[in-house]
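Side chains included, hydrogens not; waters and symmetry mates left out as well; all remaining heavy atoms used. Whatever order the structure lists ligands and atoms in, that order sets their numbers, starting from 1.
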Amino acid sequence: MKYYSTNKQAPVASLEEAVVKGLAGDKGLYMPEYIDSLDEEVIANMKNQSFHEIACTVAQMFFGEDIEPEVLDGIVKDTLSFETPVVPVKDNIYSLELFHGPTLAFKDVGGRFMARLLGYFIKKEGLKQVNVLVATSGDTGSAVANGFLGVPGIHVYVLYPKGKVSPIQECQFTTLGQNITALEIDGTFDDCQALVKSAFMDEELNRHMKLTSANSINVARFLPQSFYYFNAYAQLDKLGKADELVVCVPSGNFGNITAGLFAYWMGLPIKRFVAANNRNDVFLEYLNTGTYTPRPSVATLANAMDVGDPSNFARIIDLFGAFNDPHKEICALISGHRYTDEEIASTMRAVYKETGYILDPHGACGYQGLLDSDLSETETGLFLETAHPAKFKGTVDKILEADIEIPAKLKAFMEGTKQSIELAKDFEGFKSFLMSR
Ligand SMILES: *Cc1c(COP(=O)(O)O)cnc(C)c1O
């Protein structure tokens with residue numbers, strides 16, 4: 001399978017090139033040249049299969065041409081050491097719990113898959129060490145660091161804003177050691193991201209070391225997220241609830257919902273999608289007006305969705321690019337909602353009081369997005385619960401006036417010793433640090 005750039009100004013790439021480079025040379029995002037459909041019977045039969053079997057079928061469609069079946073199955077198996085159960089919350093609304101992995105957020109799926117795939121290419125091609133730079137506002141860093149932990153041939157540098165990630169999040173990437181280095185930047189998340197971008201563009205640095213990105217711009221990170229859409233469908237199908245499925249995705253960089261759209265393109269019978277935003281609502285504005293106007297992000301309770309210029313927007317536009325009126329087609333399939341911090345808190349409280357279910361601030365946007373989508377009697381609503389509420393314990397406890405339990409997995413991170421290197425936010429300092437490695 002070849003991958004083209006959404007900007008169409010760069011040569012097509014092999015899977016390996018797309019994964020190792022991350023972003024295309026023209027700054028576009030890589031897209032698979034075609035998306036094959038799965039037969040209806042194959043999808044209907046998924047209700048009798050395990051998550052691993054379902055994921056192997058889907059992975060085969062994307063990566064089957066480039067990787068031998070046994071290797072691919074092994075990568076899928078290693079990635080999915082946990083389940084993503086569908087749990088009833090209220091009436092016809094279900095939660096797809098994506099937080100049962102090692103760092104308790106959905107990014108574990110893509111992070112682990114990408115780490116294993118990259119590790120495979122490095123070994124097969126005898127590549128020199130690949131260095132992954134990742135800027136994080138909290139969640140991405142932990143999933144990527146834990147996914148890549150101990151993978152030979154890879155070193156990960158996690159850049160995070162000093163004092164601006166929760167203590168629980170911080171310990172998930174600063175206590176690991178081995179091939180993970182945490183860089184505590186005296187600045188904001190935007191400063192961290194700017195440092196990473198400058199590093200990719202610096203010729204001298206790129207001659208010195210091989211650099212790649214593990215954000216959802218990387219095809220190896222976002223495509224595997226389509227696995228759990230199929231798995232969720234299969235679980236609801238088993239309950240007889242999958243005929244008219246409405247899926248709501250709490251969205252920031254839009255990688256997650258794009259993976260859902262890929263599943264839809266492959267024939268997964270989802271009736272419609274809802275994109276839930278916090279106050280960073282450039283996508284909703286696009287749906288409403290047809291114009292896309294990126295702007296700086298604002299801080300909210302659902303901080304993993306604080307994105308003002310979602311990178312995967314380019315992929316969504318590209319998916320619909322063959323239609324006469326892409327905006328009309330996008331609006332026919334995807335609707336949008338946006339929520340303020342007050343609304344997020346009030347949804348969390350209402351659901352907790354009525355059902356006992358604890359939503360995290362991101363999942364709360366997803367749940368409320370379904371409530372506001374006029375579900376008909378025959379439709380089933382599924383929202384993606386993207387992180388375990390205990391990752392945001394301080395916020396959640398305060399809103400619910402509760403003392404929620406911290407899962408053992410998370411506690412284990414908190415017992416480790418923090419190791420990080422403090423750096424200023426100027427590029428020269430960051431560069432000379434990397435040049436010394
Ligand atoms: C990353 C993240 C999101 C947003 O996902 P995108 O793929 O960037 O749209 C939502 N919730 C949580 C908890 C996340 O970590």
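- Under the 30°/60° scheme for interplanar angles, the aromatic rings of Phe106 and Tyr228 are found to stand perpendicular.
- For Trp265 and Phe320, the distance between ring centers is under 6.0 angstrom.
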Are there any protein N or O atoms under 3.5 Å from the N or O atoms of ligand 1? List them with distances, or say none.
residue, atom, partner, partner atom, Å
ligand 1, 7 (O), Gly255, N, 3.2
ligand 1, 7 (O), Asn256, N, 2.9
ligand 1, 8 (O), Asn253, N, 2.8
ligand 1, 9 (O), Gly252, N, 2.8
ligand 1, 9 (O), Asn253, N, 3.3
ligand 1, 9 (O), Phe254, N, 2.8
ligand 1, 11 (N), Thr386, OG1, 2.8
ligand 1, 15 (O), Lys107, NZ, 2.5
ligand 1, 15 (O), Asp139, OD2, 2.7

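- Considering only residues two or more places apart in sequence or on other chains, Glu342 meets the side-chain hydrogen bond (donor to acceptor under 3.5 Å, both in side chains) condition with Thr340.
- Rounding to the nearest 0.5 angstrom, the gap separating the CG atom in Asn146 from the CD atom in Gln172 is 6.5 Å.
- Legend: residues meeting salt bridge (Lys or Arg N to Asp or Glu O under 4.0 Å) with Asp108, ordered by chain and number and at least two apart, are absent.
- Residues meeting the ring-ring contact (aromatic ring centres under 6.0 Å, His included) test with Tyr157, sequence neighbours left out: His155.
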